[in-house]
Amino acid sequence: MLPRREIFPHVIEMNLQARRRLGCCVYLVFHESEWMLIDIGYEDTVTEIVDMIRQMDFSLAHCKYLVATHADVDHIQGLKKAKELLPSAETVGHPETKRLLLQGDRVMTYAEISAQRISIDLPTIKLDRTIDEGDILKVGGRNVEVWHTPGHTHGQLSFRLGDLLFSGDNIYRDGCVGNIDAHHGSDIPAFIKSLERIRDSNIKWLLPSHGPVFRKENALLESTIERLRGYQHMADFGTCAVDWPLLDEWDAELARGDVPTKD
Ligand SMILES: [Zn+2]
């Protein structure tokens, strides 16, 4: 028997449970005899995670959902194996996540980053059901509410349980966000809206997909939102920018025939 290290009532995080980093955050939400997992991580940690869950005295037959917050390989590579070990669970995710996992899209999921010679297995899987904004996942007597929070990628979901938000790759404790990349379907204006929604909510705690859980502080969210507002008009993320004012300045200077001023 393993004692359950609950971070909040009815919530366990498996890296914290193991007291070492396994991969992305893997949240176990339980109520009465039912439970669910939010993300599972890489395939090579699935057996260890499921063993820990068994040792915490959860019935494997009572796993209700295996949730994919989005389709990135570090969050879902182990999903197929987890479904084999937990056949009673329904695999669920956003329709875009379902499409990417069914097609085995190696670029959008980051299984293949050829410029960096990253190439890892991506087991394809057909999600049992799609979920989207406003849907409810019932675990025992508790309701977990689905939020669609696009930006990092179109299929990014977050999950609200009371004043907790399982916030995926929206924001981490240091104010960083899930990476912004045109090839990943990142959308900076959508990202800003998702962060504003989190800021304006009465959520008290953020439970991200990477790094420690942290209290929702609007100052941190605000500084991150300001940074992303800036990115919309900067070349840093290429085609993810909505415009680049320097080009307008350049047009005007070219039309005038301006030459560099030497002090
Ligand atoms: Zn991630």
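Positions are given from 1 along the sequence. Numbering of ligands and ligand atoms starts at 1, following listing order.
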Query raised in the report: Hey, mind stepping through Glu48 and Arg20 against salt bridge (Lys or Arg N to Asp or Glu O under 4.0 Å) and telling me if it holds?
Result: CA-CA 12 Å; Glu48 182 180 355; Arg20 65 191 173 79; 2.3 Å; yes

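The pair Glu196-Arg229 meets the salt-bridge criterion, with a side-chain N (NZ, NE, NH1 or NH2) lying under 4.0 Å from an Asp/Glu carboxylate O. The pair Glu96-Arg99 counts as a salt bridge, with a side-chain nitrogen and a carboxylate oxygen less than 4.0 angstrom apart.
Checking His70 against the Zn ion (ligand 1), every N/O/S atom stays at or beyond the 2.8 Å cut-off.
Put simply, the side chain of Thr130 never gets that close to the backbone of Pro95: no donor and acceptor are under 3.5 Å apart.
Nearest N/O/S atom of Asp169 relative to the Zn ion (ligand 1): this is OD2. The minimum distance between the Zn ion (ligand 1) and any N, O or S atom of His210 involves atom NE2.
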